[in-house]
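Report on the structure given below.
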Amino acid sequence: MDGPALRAPRQPRTAILRDPRSKCRLVVKEHLVELVMQALLDVSRKQHVELPQTPEFAIDRTRQREHGDFATNAALVLCKQLGMKPRDLAQAIVDHLPPSRHVEKLAIAGPGFINFTLTPSCLLDTLDQVLERGAGYGHAPVDENEHITLEYVSANPTGPLHVGHGRGAAFGASLSNILEASGLKVQREYYVNDYGRQMDILATSVWLRYLELTGNPVRFPDNGYKGDYVVEVAHALQQAHGDRFRQDPLAVCADLPADESQGGDKEAHVDGLINRARQLLGPGGFDLIYKLALERLLDAIREELLAFNVRYDNWFSERSLNESGAVNRAIERLTRLGHMYEEKGAMWFRATTFGDEKDRVVIRENGQTTYFASDIAYLLNKFERGFTRAVYVLGADHHGYIARLKAAASGLGLNPANVEIVLVQFAKLYKDGKEVSMGKREGNFVTLKDLRTEVGTDAARFFYVMRSHEQHLDFDLELAKSQSKDNPVYYVQYAHARIASVFHKLAEQGQTHDRAAGEAARAQLDNAHELDLMNLLQRFPETIEKAGELRAPHLVANYLRELAAALHGYYDGAQVKILVDDDDLRNARLNLLLAVKQVLANGLKLIGVSAPEKMERQEA
RNA sequence: GGGUCCGUAGCUCAGUUGGAUAGAGCACCUGGCUUCGAACCAGGUGGUCGGGGGUUCGAGUCCCUCCGGGCCCGCCA
């Protein structure tokens with residue numbers, strides 16, 4: 001397996017960490033890495049030992065305040081290679097560390113950690129940086145070398161989106177924003193399954209409902225789409241075309257294989273109905289209904305995603321792959337490379353060559369290509385369009401697809417490491433402590449629209465990405481709906497609104513905020529709460545980068561809760577007032593608040609949640 | 001049966017790619033609004049990190065095994 005392919009390279013991408021507009025010139029962590037590297041080179045020269053090109057030590061944020069801001073395990077990891085005791089090596093590294101105006105204190109602790117405490121000015125620089133860059137703070141310069149296509153949701157247009165799709169939508173949209181912020185070029189894509197049997201069943205279902213509306217009811221198949229939306233499309237069909245598609249019910253039903261509930265086979269029955277529809281309506285008539293259904297449902301999906309603050313750069317048609325010959329070309333390529341064979345009248349892709357557990361049918365015995373054939377063509381198409389990496393956000397039930405898709409990449413001569421599948425676990429809805437069931441064909445599933453209108457886009461988006469995507473999500477409807485302190489969305493938004501209200505108050509008092517005066521007096525920001533807040537602000541870019549590398553938007557949500565908590569703690573618990581009489585101090589504190597507000601807004605935007613200036617409580 | 005994801009406080013979950021004393025929120029207990037928004041804050045109670053073995057300076061994190069749960073295993077899409 002090529003598991004590490006999902007992981008970003010171990011060494012940080014310096015191009016992304018490097019921030020040209022930073023007053024620190026380098027993001028702190030990168031700076032510290034360079035200092036330690038320098039010291040290590042000196043020490044190893046003295047010991048006459050060759051160091052590896054990229055020694056595997058880590059520099060990380062510390063967990064506890066007493067350990068400073070950053071710590072490195074370099075001495076622990078490299079002591080054997082350098083033939084020294086860990087604490088001796090730590091001391092040697094400290095002795096050889098080049099001086100830095102950003103490091104205030106160094107300490108050796110525990111078994112041999114080296115702790116770094118940053119100078120206050122380094123934190124204060126962060127503050128200026130946030131105000132300087134505004135909405136751009138936290139965003140890394142664009143890396144021109146990578147161009148990602150990120151596909152998410154891609155639900156069949158055979159019905160409205162349900163709450164399961166909602167998580168994929170929230171996750172994919174947030175992740176693409178985060179990746180973009182961390183400097184990668186990202187194209188958001190929706191793969192439209194506008195081809196194949198499921199859509200045929202939908203078109204047939206619409207036609208049967210239409211027949212009912214025109215007073216010619218035909219028994220509805222077990223395997224048909226039963227939702228009310230099908231009737232709505234049928235209505236639209238009737239309005240646009242009157243009774244043009246009316247047929248004698250007896251002719252429709254004549255000689256069909258028995259349906260499941262009639263003791264037969266539901267698949268055979270529905271296939272019979274599709275063929276009957278084609279035959280009675282003529283190809284033009286059937287296609288017209290098919291297209292009408294597709295357009296209506298796809299429009300509804302587009303509209304819903306837009307309302308959910310989820311956008312796309314490209315809607316890619318599966319049909320176009322078939323009609324342009326891309327599917328055939330992909331199959332030919334696999335054939336030419338010797339990865340196809342014939343068996344039992346079908347054409348198979350030898351996926352087992354590349355680690356899949358079984359070979360896969362690409363062209364069926366009846367000559368039709370499979371869904372997988374389209375997937376292969378689509379994969380090839382993505383790389384032909386120049387993307388360097390294809391990311392698929394899929395539901396956890398698709399995990400069997402990983403090996404298949406990667407095998408296809410290998411078979412096509414592509415690097416499977418550039419094909420990445422991120423699985424999102426299921427979400428369960430809970431209402432009053434009970435699970436809300438979501439049967440699909442039965443038509444009683446909860447749509448994303450239901451959820452959105454009930455709890456609102458902000459709460460839904462936040463709740464969906466609040467947990468790790470690897471974790472099953474228990475979505476508590478009551479909590480998401482509640483306008484109370486228990487609701488984490490309001491907690492974060494409130495912090496933003498609270499700051500806004502301080503500025504309103506300032507205006508009410510007839511005063512204005514003088515940023516330059518605040519910057520000049522910034523050294524007065526020295527209480528523990530203020531330092532904590534600045535420390536958090538400094539960690540925002542690191543959080544984005546990490547959330548991007550780990551494909552983990554929940555880290556951003558967690559970060560925002562932390563920042564909001566620090567703000568509330570400062571506001572309520574620090575025994576300080578912002579709007580003090582002292583002009584310098586007041587402006588310095590206002591600078592800090594403004595920076596916190598900016599970062600809250602930037603972070604919320606990444607996960608598609610609004611940052612309100614005012615919280616209006618609504619009566620339930 | 002094979003594959004895969006998960007199991008951390010009463011509940012819902014974090015845990016910085018193996019680091020130092022495992023953290024939040026809810027629930028429960030105590031306290032704080034004549035103040036820039038109390039949708040808030042301060043403090044307290046609560047843990048054999050599913051069990052067992054292994055790897056090493058160090059394991060909630062990596063490996064093995066067992067237990068429990070979700071999902072997948074089609075010439076469907």
Side-chain angles (χ1 to χ4, degrees), chain A residues 7-8 10 58 60-64 66-67 71 73 76-77 79-80 85-86 109-113 115 156 158 193 195-199 201 267 318 343-348 357-358 360-366 368-372 374-375 395-403 423 425-426 428 430 433 466-468 470-474 476 479 482-491 493-495 497-506 508-509 539 542-543 546 549-550 554-555 557-558 561-562 564-565 567-574 576-580 589 593 614-615 617:
Chain A
R7 292 260 159 99
R10 180 69 185 83
D60 288 307
R61 289 279 174 184
T62 55
R63 241 183 262 250
Q64 277 147 313
E66 311 88 73
H67 297 145
N73 61 359
L76 292 162
V77 178
C79 57
K80 275 189 187 162
K85 287 186 197 161
F113 291 105
N115 295 333
N156 284 351
T158 51
N193 299 111
Y195 186 82
R197 184 158 167 273
Q198 290 306 318
M199 283 302 297
I201 296 176
E267 306 292 346
E318 178 186 1
E343 193 177 295
K344 290 184 271 184
M347 293 301 298
W348 299 67
E357 56 187 23
K358 50 181 85 164
R360 308 289 174 178
V361 171
V362 172
I363 305 175
R364 283 183 269 174
E365 195 179 359
N366 65 10
Q368 285 182 321
T369 55
T370 59
Y371 186 84
F372 182 49
S374 299
D375 280 349
D397 53 333
H398 285 74
H399 75 253
Y401 229 69
I402 299 178
L423 296 179
Q425 298 292 322
F426 290 140
K428 279 187 197 168
Y430 285 86
M466 186 162 73
R467 306 299 185 204
S468 159
E470 290 171 341
Q471 196 72 238
H472 295 225
L473 176 71
D474 288 336
D476 184 337
L479 181 59
S482 74
Q483 299 178 16
S484 78
K485 59 177 185 157
D486 304 347
N487 193 330
V489 192
Y490 289 109
Y491 186 78
Q493 289 183 319
Y494 179 47
R498 232 180 175 183
I499 295 171
S501 89
V502 173
F503 281 87
H504 290 137
K505 184 76 182 179
L506 181 76
E508 262 175 44
Q509 295 178 355
R539 278 161 49 193
E542 298 164 26
T543 302
K546 194 170 154 203
E549 283 182 354
L550 298 179
H554 76 280
L555 296 180
N558 286 349
R561 291 171 79 166
E562 219 180 313
L567 185 277
H568 290 311
Y570 176 49
Y571 192 95
D572 273 333
V576 301
K577 214 171 137 92
I578 311 299
L579 301 179
V580 289
R589 286 184 175 157
L593 282 204
K614 216 182 258 184
M615 305 286 283
R617 177 166 240 145

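Chain letters run A, B, ... following the sequence lines, proteins first, then strands; residues in each count from 1.
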Q. Do other residues, nucleotides or ligands put more than 12 heavy atoms under 6.0 Å from A/Tyr195 OH?
A.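 No - once you tally the heavy atoms of other residues, nucleotides and ligands closer than 6.0 Å, there are 12 at most.
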Can you tell me, in whole Å, how much space there is between the [atom1] of [N] and that of [M]?
N	M	atom1	answer
B/C29	B/G50	P	30 Å
B/C64	B/C72	C1'	25 Å
B/U55	B/C62	C1'	8 Å
B/G52	B/G44	C1'	36 Å
B/A14	B/G32	C1'	29 Å
B/A59	B/G53	P	13 Å
B/U65	B/G25	P	39 Å

Which of the following nucleotides, [options], is nearest to the side chain of [X]?
X	options	value
A/Val361	B/G37, B/U17, B/C75	B/C75
A/Arg467	B/A14, B/G37, B/A20	B/A14
A/Lys505	B/U12, B/G37, B/C36	B/C36
A/Gln198	B/A20, B/C36, B/C76	B/C76
A/Trp348	B/A20, B/G7, B/C75	B/C75
A/Leu579	B/A39, B/C36, B/C75	B/C36
A/Arg364	B/C76, B/A38, B/G19	B/C76

Could you state the atom-to-atom distance from [atom1] of [X] to [atom2] of [N] in whole Å?
X	N	atom1	atom2	value
A/Asp375	B/G74	CG	C1'	15 Å
A/Asn73	B/U16	CG	C1'	13 Å
A/Tyr570	B/G37	OH	C1'	17 Å
A/Asn366	B/G74	CG	C1'	14 Å
A/Phe503	B/G37	CZ	P	12 Å
A/Asn115	B/U21	CG	P	13 Å
A/Tyr491	B/A14	OH	C1'	15 Å
A/His504	B/G37	NE2	P	10 Å

**Q.** Criterion side-chain contact (heavy atoms from CB on, under 4.5 Å) on A/Glu562 and A/Arg539, from CA distance to verdict
**A.** CA-CA 11 Å; A/Glu562 219 180 313; A/Arg539 278 161 49 193; 3.3 Å; yes
When we call it a touch if two heavy atoms are under 4.0 Å apart, what does [X] touch: a base, just sugar-phosphate, or nothing?
X	value
A/Glu470	sugar-phosphate
A/Val576	base
A/Ser468	sugar-phosphate
A/Ala71	base
A/Arg498	sugar-phosphate

Q) From A/Arg364 CZ over to A/Thr369 OG1, what is the distance, rounded to the nearest 0.5 angstrom? A)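 Result: 7.5 Å between the selected atoms.
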Q: Could you tell me the separation between the CG atom of A/Leu479 and the CG atom of A/Asp474, rounded to the nearest 0.5 Å?
A: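 That separation rounds to 11.5 Å.
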Q. Closer than 4.0 Å, any side-chain N/O of A/Gln471 to the OP1 or OP2 of B/U12?
A.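 Result: no.
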Give me the distances for all protein-to-nucleotides 67-73 of chain B N/O pairs that come in under 3.5 Å?
unit_1, atom_1, unit_2, atom_2, d
B/C73, O2', A/Lys358, NZ, 3.2

Q: State plainly whether the residues A/Asp572 and A/Arg498 are in salt-bridge range, i.e. N to O under 4.0 Å.
A: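 Salt bridge between A/Asp572 and A/Arg498, a charged N being under 4.0 Å from a carboxylate O: yes.
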Q: Find the partner of B/G7: check Watson-Crick (N1-N3 plus N6-O4 or O6-N4) and G-U wobble (N1-O2, O6-N3) distances, both under 3.5 Å, and reply none if neither fits.
A: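 In the structure as shown, B/G7 has B/C67 as its Watson-Crick or wobble partner.
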Q) Going by atom types only, do A/Gln198 and A/Thr158 share a side-chain donor-acceptor pair under 3.5 Å? A)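 No, A/Thr158 and A/Gln198 have no side-chain donor paired with an acceptor closer than 3.5 Å.
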Using the 3.5 Å cut-off, write out each protein N or O paired with an N or O of nucleotides 57-62 of chain B and the distance between them.
unit_1, atom_1, unit_2, atom_2, d
B/C57, OP1, A/Lys80, NZ, 2.7

Q.
Under a 3.5 Å distance rule, please check whether A/Arg467 uses its side chain to pair with a backbone N or O of A/His472 as donor and acceptor.
A.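 Looks like no, no N/O pair under 3.5 Å.
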Q: Could you check if the base of B/U21 is syn or anti? Syn means the glycosidic torsion is within 90 degrees of 0.
A: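 Glycosidic conformation of B/U21: anti.
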